[in-house]
Amino acid sequence: ETGVTQSPTHLIKTRGQQVTLRCSSQSGHNTVSWYQQALGQGPQFIFQYYREEENGRGNFPPRFSGLQFPNYSSELNVNALELDDSALYLCASSAGQKNTEAFFGQGTRLTVV
Amino acid sequence: QKEVEQDPGPLSVPEGAIVSLNCTYSNSAFQYFMWYRQYSRKGPELLMYTYSSGNKEDGRFTAQVDKSSKYISLFIRDSQPSDSATYLCATHYGQNFVFGPGTRLSVLP
(Lines give C-alpha, C1' and ligand atoms only; values in the text may rest on other atoms or scores of the structure.)
Protein backbone atom coordinates (compact mmCIF):
# COMPACT_ATOMS: atom_id res chain seq x y z
CA GLU A 1 0.00 0.00 0.00
CA THR A 2 1.17 3.51 -0.76
CA GLY A 3 1.19 6.24 1.86
CA VAL A 4 -1.31 8.30 -0.15
CA THR A 5 -4.74 8.48 1.45
CA GLN A 6 -7.90 9.98 0.03
CA SER A 7 -11.21 10.84 1.63
CA PRO A 8 -14.01 10.15 1.38
CA THR A 9 -13.91 6.82 -0.47
CA HIS A 10 -17.41 7.20 -1.88
CA LEU A 11 -19.67 10.19 -2.35
CA ILE A 12 -23.07 10.86 -3.89
CA LYS A 13 -23.98 14.40 -4.86
CA THR A 14 -26.79 16.08 -6.73
CA ARG A 15 -26.28 17.94 -9.99
CA GLY A 16 -25.43 21.59 -9.33
CA GLN A 17 -23.88 20.95 -5.92
CA GLN A 18 -20.27 21.50 -4.94
CA VAL A 19 -17.85 18.86 -3.65
CA THR A 20 -14.45 18.82 -1.92
CA LEU A 21 -12.17 15.80 -2.10
CA ARG A 22 -9.08 15.43 0.07
CA CYS A 23 -5.68 13.83 -0.32
CA SER A 24 -2.80 13.28 2.07
CA SER A 25 0.45 12.80 0.21
CA GLN A 26 3.13 10.25 1.00
CA SER A 27 5.72 11.37 3.54
CA GLY A 28 8.53 13.29 1.85
CA HIS A 29 6.48 14.08 -1.27
CA ASN A 30 5.87 17.74 -2.13
CA THR A 31 3.94 17.29 -5.37
CA VAL A 32 0.33 16.24 -5.72
CA SER A 33 -1.52 15.58 -8.97
CA TRP A 34 -5.22 14.94 -9.45
CA TYR A 35 -6.76 12.70 -12.09
CA GLN A 36 -10.28 11.86 -13.18
CA GLN A 37 -10.93 8.28 -14.27
CA ALA A 38 -14.22 7.52 -15.99
CA LEU A 39 -15.40 3.93 -16.05
CA GLY A 40 -13.39 1.86 -18.53
CA GLN A 41 -10.96 4.71 -19.27
CA GLY A 42 -7.47 5.64 -18.22
CA PRO A 43 -6.96 8.48 -15.75
CA GLN A 44 -7.11 12.00 -17.21
CA PHE A 45 -4.85 14.69 -15.73
CA ILE A 46 -6.71 17.52 -14.00
CA PHE A 47 -3.88 19.56 -12.41
CA GLN A 48 -0.74 19.38 -10.33
CA TYR A 49 0.34 21.27 -7.23
CA TYR A 50 3.98 21.75 -6.31
CA ARG A 51 4.88 23.54 -3.09
CA GLU A 52 1.38 25.02 -2.77
CA GLU A 53 1.27 26.44 -6.33
CA GLU A 54 -0.65 25.09 -9.32
CA ASN A 55 2.03 23.77 -11.62
CA GLY A 56 0.18 22.45 -14.64
CA ARG A 57 -3.39 21.89 -15.73
CA GLY A 58 -5.15 19.54 -18.07
CA ASN A 59 -8.20 20.19 -20.20
CA PHE A 60 -10.69 20.74 -17.39
CA PRO A 61 -12.95 23.80 -16.88
CA PRO A 62 -12.33 26.38 -14.13
CA ARG A 63 -15.05 24.87 -11.95
CA PHE A 64 -12.37 22.28 -11.11
CA SER A 65 -10.05 23.96 -8.64
CA GLY A 66 -7.60 22.91 -5.98
CA LEU A 67 -5.41 23.78 -3.08
CA GLN A 68 -2.24 22.46 -1.57
CA PHE A 69 -1.44 23.08 2.08
CA PRO A 70 1.94 23.63 3.81
CA ASN A 71 1.99 19.97 4.84
CA TYR A 72 1.54 19.13 1.11
CA SER A 73 -1.91 17.64 1.53
CA SER A 74 -4.33 18.76 -1.12
CA GLU A 75 -7.98 19.37 -1.94
CA LEU A 76 -9.88 19.11 -5.19
CA ASN A 77 -13.02 21.25 -5.43
CA VAL A 78 -15.63 20.86 -8.11
CA ASN A 79 -18.43 23.42 -8.41
CA ALA A 80 -21.73 23.15 -10.27
CA LEU A 81 -21.52 19.38 -10.53
CA GLU A 82 -22.66 17.76 -13.76
CA LEU A 83 -23.71 14.17 -14.36
CA ASP A 84 -20.55 13.62 -16.44
CA ASP A 85 -18.43 14.43 -13.39
CA SER A 86 -19.29 10.99 -12.04
CA ALA A 87 -15.94 9.17 -11.94
CA LEU A 88 -13.12 7.90 -9.78
CA TYR A 89 -10.95 10.82 -8.66
CA LEU A 90 -7.36 9.87 -8.04
CA CYS A 91 -4.64 11.71 -6.23
CA ALA A 92 -0.98 10.93 -6.90
CA SER A 93 2.00 12.17 -4.93
CA SER A 94 5.62 12.34 -5.94
CA ALA A 95 8.87 13.87 -4.77
CA GLY A 96 9.39 16.74 -7.17
CA GLN A 97 7.76 17.97 -10.34
CA LYS A 98 9.22 15.33 -12.62
CA ASN A 99 6.69 12.79 -11.40
CA THR A 100 8.64 9.83 -12.70
CA GLU A 101 7.58 7.76 -9.71
CA ALA A 102 4.13 8.81 -8.64
CA PHE A 103 2.11 6.85 -6.14
CA PHE A 104 -1.66 6.84 -6.25
CA GLY A 105 -4.23 6.77 -3.52
CA GLN A 106 -7.21 4.44 -3.65
CA GLY A 107 -9.41 7.15 -5.12
CA THR A 108 -12.75 8.75 -4.32
CA ARG A 109 -15.69 7.45 -6.29
CA LEU A 110 -18.04 10.36 -6.98
CA THR A 111 -21.55 9.75 -8.26
CA VAL A 112 -23.58 12.73 -9.43
CA VAL A 113 -27.34 12.14 -9.65
CA GLN B 1 -5.21 10.22 -32.81
CA LYS B 2 -4.92 9.58 -29.09
CA GLU B 3 -1.51 10.14 -27.57
CA VAL B 4 -1.33 6.66 -26.04
CA GLU B 5 -3.24 3.74 -27.49
CA GLN B 6 -3.81 0.39 -25.90
CA ASP B 7 -6.02 -2.56 -26.72
CA PRO B 8 -8.69 -2.56 -23.99
CA GLY B 9 -9.16 -6.33 -24.13
CA PRO B 10 -10.46 -8.17 -22.26
CA LEU B 11 -7.61 -10.65 -22.46
CA SER B 12 -8.06 -14.09 -20.88
CA VAL B 13 -5.16 -16.51 -20.42
CA PRO B 14 -4.66 -19.77 -18.49
CA GLU B 15 -2.57 -19.76 -15.34
CA GLY B 16 1.13 -20.10 -16.12
CA ALA B 17 0.90 -18.46 -19.54
CA ILE B 18 3.18 -15.66 -20.72
CA VAL B 19 1.18 -12.48 -21.13
CA SER B 20 2.10 -9.72 -23.55
CA LEU B 21 0.54 -6.28 -23.11
CA ASN B 22 1.26 -3.52 -25.58
CA CYS B 23 0.88 0.21 -26.13
CA THR B 24 1.77 2.64 -28.87
CA TYR B 25 2.32 6.35 -28.48
CA SER B 26 2.34 9.22 -30.91
CA ASN B 27 4.69 11.88 -29.51
CA SER B 28 8.40 11.26 -29.89
CA ALA B 29 9.04 13.78 -27.08
CA PHE B 30 7.79 11.26 -24.52
CA GLN B 31 10.76 10.01 -22.53
CA TYR B 32 9.55 8.09 -19.50
CA PHE B 33 7.23 5.11 -19.66
CA MET B 34 5.38 3.41 -16.87
CA TRP B 35 3.18 0.40 -16.33
CA TYR B 36 0.53 0.50 -13.66
CA ARG B 37 -1.69 -2.30 -12.38
CA GLN B 38 -5.17 -1.41 -11.20
CA TYR B 39 -7.42 -3.79 -9.35
CA SER B 40 -11.15 -3.20 -9.45
CA ARG B 41 -12.16 -0.11 -7.44
CA LYS B 42 -8.57 0.62 -6.40
CA GLY B 43 -6.00 3.22 -7.39
CA PRO B 44 -3.28 2.37 -9.93
CA GLU B 45 -0.16 0.72 -8.52
CA LEU B 46 3.20 1.43 -10.13
CA LEU B 47 4.74 -1.76 -11.51
CA MET B 48 7.66 -0.53 -13.57
CA TYR B 49 9.07 2.56 -15.16
CA THR B 50 11.67 2.87 -17.86
CA TYR B 51 13.51 5.69 -19.54
CA SER B 52 15.51 4.33 -22.39
CA SER B 53 14.87 1.86 -25.16
CA GLY B 54 15.50 -1.74 -24.25
CA ASN B 55 14.33 -4.17 -21.59
CA LYS B 56 13.92 -3.83 -17.85
CA GLU B 57 13.18 -6.87 -15.75
CA ASP B 58 11.68 -7.12 -12.26
CA GLY B 59 10.77 -10.61 -11.09
CA ARG B 60 8.11 -12.02 -13.41
CA PHE B 61 7.66 -8.68 -15.18
CA THR B 62 9.66 -7.34 -18.12
CA ALA B 63 9.08 -3.91 -19.62
CA GLN B 64 10.27 -3.24 -23.13
CA VAL B 65 10.53 0.11 -24.91
CA ASP B 66 11.20 0.63 -28.61
CA LYS B 67 11.41 4.36 -29.19
CA SER B 68 12.08 3.97 -32.90
CA SER B 69 8.62 2.47 -33.39
CA LYS B 70 6.99 4.21 -30.40
CA TYR B 71 5.99 0.88 -28.94
CA ILE B 72 6.04 -0.26 -25.31
CA SER B 73 5.32 -3.70 -23.93
CA LEU B 74 4.90 -5.48 -20.63
CA PHE B 75 5.50 -9.21 -20.39
CA ILE B 76 4.29 -11.27 -17.46
CA ARG B 77 5.85 -14.70 -17.05
CA ASP B 78 4.18 -17.56 -15.18
CA SER B 79 0.96 -15.58 -14.88
CA GLN B 80 -1.13 -16.09 -11.74
CA PRO B 81 -4.83 -15.52 -11.00
CA SER B 82 -3.71 -12.68 -8.71
CA ASP B 83 -2.39 -10.90 -11.83
CA SER B 84 -6.01 -10.44 -12.97
CA ALA B 85 -6.40 -6.67 -13.16
CA THR B 86 -6.37 -3.76 -15.58
CA TYR B 87 -2.92 -2.80 -16.82
CA LEU B 88 -2.34 0.83 -17.73
CA CYS B 89 0.59 2.07 -19.72
CA ALA B 90 1.54 5.68 -19.17
CA THR B 91 4.08 8.16 -20.31
CA HIS B 92 5.27 11.28 -18.63
CA TYR B 93 5.37 14.63 -20.38
CA GLY B 94 5.82 17.89 -18.54
CA GLN B 95 3.86 17.87 -15.33
CA ASN B 96 1.43 15.15 -16.17
CA PHE B 97 1.02 11.54 -17.06
CA VAL B 98 -0.77 10.50 -20.19
CA PHE B 99 -2.42 7.14 -19.74
CA GLY B 100 -3.68 4.56 -22.14
CA PRO B 101 -7.22 3.28 -21.55
CA GLY B 102 -5.93 0.08 -19.94
CA THR B 103 -6.10 -3.61 -20.86
CA ARG B 104 -8.26 -5.84 -18.70
CA LEU B 105 -6.48 -9.13 -18.02
CA SER B 106 -8.02 -12.28 -16.57
CA VAL B 107 -5.78 -15.19 -15.60
CA LEU B 108 -7.88 -18.32 -15.27
CA PRO B 109 -6.92 -21.01 -12.73
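Order of the sequence lines sets the chain letters (A, B, ...), proteins ahead of strands, with each chain counted from 1. Heavy atoms only: backbone and side chains are in, while hydrogens, waters and symmetry mates are out.
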So, the part of A/Q37 with a heavy atom under 4.5 Å from chain B: the answer is side chain

Tell me whether B/I72 shares a hydrophobic cluster with B/L21, the cluster being built from Ile, Leu, Val, Met, Phe, Trp, Tyr side chains joined at under 4.5 Å. yes

With a 4.5 Å heavy-atom cut-off (strictly below), which parts of residues 82-90 of chain B touch chain A? List them by number. B/L88

So for B/Q6, is it side chain, backbone, both, or neither that comes closer than 4.5 Å to the heavy atoms of chain A? neither

Are A/L90 and A/V19 connected, step by step, through hydrophobic side chains (Ile, Leu, Val, Met, Phe, Trp, Tyr) whose heavy atoms are closer than 4.5 Å? no

If we ignore hydrogens and angles and just use 3.5 Å, is the side chain of B/Y36 paired with the main-chain N or O of A/F104 as donor and acceptor? no

Evaluate whether atom CG of B/L108 has more than 12 neighbouring non-hydrogen atoms of other residues, nucleotides or ligands under 6.0 angstrom away. yes

So which pairs with a foot in residues 94-105 of chain B pass salt bridge (charged side-chain N to carboxylate O under 4.0 Å, His left out), sequence neighbours left out? none

Any side-chain heavy-atom pair of B/F99 and A/F45 under 4.5 Å: no

Counting only heavy atoms from other residues, nucleotides and ligands, does the tally under 6.0 Å from CG of A/N59 exceed 12? no

For B/Y39, look at atom OH and say whether over 12 heavy atoms of other residues, nucleotides or ligands are found less than 6.0 Å away. yes

Here the gap from B/R41 atom CZ to A/H10 atom NE2, rounded to the nearest 0.5 Å, amounts to 6.0 Å

Tell me whether A/R15 at atom CZ has more than 12 heavy atoms from other residues, nucleotides or ligands lying less than 6.0 Å away. no

Do other residues, nucleotides or ligands put more than 12 heavy atoms under 6.0 Å from the CG atom of A/L39? no

Looking only at heavy atoms, the pair that brings A/L88 and B/K42 closest together is CD2-O, 4.1 Å

Nearest heavy-atom contact between B/L46 and A/A102 is CB-O, 4.4 Å

Can you get from A/F47 to A/Y35 by hopping between Ile, Leu, Val, Met, Phe, Trp and Tyr side chains that sit under 4.5 Å apart? no

Using the rule that Ile, Leu, Val, Met, Phe, Trp and Tyr join whenever any side-chain heavy atoms are under 4.5 Å apart, tell me whether A/F60 and A/L76 fall into a single cluster. yes

Looking at CD of A/Q44 and CZ of B/F97, how far apart are the two atoms once the value is rounded to the nearest 0.5 Å? 14.0 Å

